[in-house]
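Each chain gets a letter, A, B and so on, in the order the sequences are listed, and its residues count up from 1. Source: prediction; values computed, not measured.
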Amino acid sequence: MLSRDFYNRATLKVARDLIGKVLVHDTRAGLASGIIVEAEAYIGESDKACHAAPGPTARNAPLYGPPGMAYVYLNYGIHYLVNAVTEAEGWPAAVLIRALEPRDGIELMRRRRAAGSTRRVRELAVNDLCRGPGNLTKALGIHLRQNLKDLTSSELRIEDHGLPKPSVAWSRRIGINVAVEQEWRVYALDSDAVSGSRRQASMANAQC
DNA sequence: CGTTCGATGCACT
DNA sequence: GTGCATCGAACGT
């Protein structure tokens, strides 16, 4: 399990260090987990793409709270997206989890993804089950009820399994129309579960 | 391979 | 009323 201090740091460092950690959701239906292979940083009110850009509101309150909590919200009226809140309390920032490599509970993920879906979706490869921020929350059964769960201790948590630190690359964030110039998306170079086109991944530049 | 577009709920102006 | 931190189907190349 990661400590509160892990999240109480510069958001870009937290995003980098979350790659290779394991997101777990343990529910009555069973435990599902996956290795984080893609994430994006959203940092402060000056970041036009961050939900804190308009200042404090009812919806974005979790961003201003203590680090290490989950910030879950509904987007496009259809998908839930999950973030890990970062930086000190009062400093609104978070890391959006964008893709996982499925680890435990793969059949449970498949069942959740299949609900109300077409045959094509029911027959997805394992690495497609948690590919994309809306897909991974569906596979893990995350919805608004998990907003503000404590990622350091609750049934929705992020664990350190001591896996080797993956090589990563940085790119522009995906799916936004403002603040597009910052390269605040980070992803594992060698993972087949990263979202976006394969071509984009193979044209990786800045490693570290 | 690529692009376009509808679904759908709610916070915010 | 407007605009999303998306997804997948449909259709073009």
Side-chain angles (χ1 to χ4, degrees), chain A residues 7 11-12 14-16 18-19 23 34 36-65 69-87 92-100 102 109-148 151 170-187 192-203:
Chain A
Y7 300 96
T11 302
L12 291 175
V14 177
R16 166 67 183 91
L18 279 176
I19 306 300
L23 178 64
I36 299 171
V37 294
E38 180 183 355
E40 282 176 358
Y42 289 85
I43 309 174
E45 295 177 350
S46 59
D47 176 4
K48 294 288 188 282
C50 181
H51 281 184
T57 65
R59 179 209 214 187
N60 68 25
L63 295 176
Y64 290 83
M69 302 302 180
Y71 170 47
V72 181
Y73 71 94
L74 178 64
N75 129 108
Y76 291 101
I78 302 174
H79 301 106
Y80 299 108
L81 271 56
V82 62
N83 299 250
V85 175
T86 60
E87 314 263 359
V95 174
L96 170 69
I97 311 299
R98 286 193 57 92
L100 310 174
M109 291 180 185
R110 206 177 280 288
R111 251 179 285 139
R112 284 168 169 156
R113 288 295 310 276
S117 296
T118 58
R119 181 172 132 164
R120 176 173 165 71
V121 171
R122 286 197 296 274
E123 295 177 350
L124 288 176
V126 169
N127 273 338
D128 289 331
L129 290 171
C130 297
R131 195 165 187 260
N135 287 333
L136 76 88
T137 55
K138 185 166 186 185
L140 265 59
I142 296 171
H143 58 115
L144 281 185
R145 181 149 202 84
Q146 276 66 240
N147 190 30
L148 287 173
L151 293 172
W170 293 84
S171 78
R172 293 178 168 200
R173 293 176 292 186
I174 289 178
I176 58 174
N177 301 296
V178 295
V180 167
E181 61 280 3
Q182 289 93 330
E183 300 209 321
W184 287 353
R185 166 176 176 257
V186 61
Y187 57 96
D192 194 38
V194 171
S195 77
S197 73
R198 302 288 146 104
R199 178 169 174 74
Q200 205 171 357
S202 66
M203 289 179 68

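- With rounding to whole Å, A:Leu74 atom CG is found 12 Å from B:dA7 atom C1'.
- A:Pro62 has its side chain within reach of A:Asn147: a pair of non-hydrogen atoms, C-beta onward, lies under 4.5 Å apart.
- The shortest distance between the side-chain N/O atoms of A:Arg119 and the OP1/OP2 oxygens of C:dA9 is not below 4.0 Å.
- For the pair A:Ile142 CD1 and C:dT6 C1', the computed distance is 16 Å after rounding to whole Å.
- Put simply, the side chain of A:Arg16 reaches to within 4.5 Å of the side chain of A:Trp170, judged on heavy atoms.
- Rounded to an integer number of Å, the gap from A:Arg120 CZ to C:dC11 P is 15 Å.
- Between A:Gln182 and A:Tyr42, the side chains place no donor N or O within less than 3.5 Å of an acceptor N or O (distance only, hydrogens not considered).
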Apply side-chain contact (heavy atoms from CB on, under 4.5 Å) to residues A:Leu136 and A:Leu23 and explain how you reach the verdict. CA-CA 10 Å; A:Leu136 76 88; A:Leu23 178 64; 4.1 Å; yes
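- The nearest whole Å value for the distance from the CG atom in A:Leu124 to the P atom in C:dC7 is 12 Å.
- In this structure, A:Asn60 atom CG and B:dC12 atom P are separated by 6 Å, rounded to whole Å.
- With both ends at atom P, the span from B:dT13 to C:dA5 equals 14 Å, rounded to whole Å.
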A:Leu140 and A:Met109: side-chain contact (heavy atoms from CB on, under 4.5 Å), yes or no, with the steps? CA-CA 6 Å; A:Leu140 265 59; A:Met109 291 180 185; 3.8 Å; yes
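- Relative to the side chain of A:Ala58, the nucleotides B:dC12, C:dA9, B:dG9 differ in distance, and B:dC12 lies closest.
- No engagement by A:Arg173 is indicated, since no non-hydrogen atom pair under 4.0 Å with the nucleic acid exists.
- The listed nucleotides are B:dC12, C:dA9, C:dT6; the one nearest the side chain of A:Thr57 is B:dC12.
- Between C:dA9 and A:Thr118, a contact under 4.0 Å exists linking OP1 or OP2 to a side-chain N or O.
- Residues A:Val121 and A:Ile78 each lie close to DNA chain C; by heavy-atom proximity, the contact nearer the 5' end of the strand is made by A:Ile78.
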Evaluate A:His51 against A:Tyr71 for side-chain contact (heavy atoms from CB on, under 4.5 Å), listing each step before the verdict. CA-CA 11 Å; A:His51 281 184; A:Tyr71 170 47; 2.7 Å; yes
Enumerate all atom pairs, one protein N or O and one N or O from nucleotides 3-5 of chain C, separated by less than 3.5 Å.
{"from": "C:dA5", "atom 1": "OP1", "to": "A:His51", "atom 2": "NE2", "distance (Å)": "3.3"}
{"from": "C:dA5", "atom 1": "N9", "to": "A:Tyr73", "atom 2": "OH", "distance (Å)": "3.4"}
{"from": "C:dA5", "atom 1": "N7", "to": "A:Ala49", "atom 2": "O", "distance (Å)": "3.1"}
{"from": "C:dA5", "atom 1": "N7", "to": "A:His51", "atom 2": "NE2", "distance (Å)": "3.3"}
{"from": "C:dA5", "atom 1": "N1", "to": "A:Asn83", "atom 2": "OD1", "distance (Å)": "2.4"}
{"from": "C:dA5", "atom 1": "N1", "to": "A:Asn83", "atom 2": "ND2", "distance (Å)": "3.3"}
{"from": "C:dA5", "atom 1": "N3", "to": "A:Tyr73", "atom 2": "OH", "distance (Å)": "3.3"}

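- Taking all atoms of both residues into account, the shortest heavy-atom contact from A:Ala15 to A:Val186 is O-CG1, 3.7 Å.
- Base pairing in DNA chain C gives the following stems of 3 or more Watson-Crick or G-U pairs, range against range and under 3.5 Å: B:1-7 with C:6-12, B:9-12 with C:1-4.
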When you look at A:Thr137 and A:His79, which way does the side-chain contact (heavy atoms from CB on, under 4.5 Å) test go after all the steps? CA-CA 8 Å; A:Thr137 55; A:His79 301 106; 5.6 Å; no
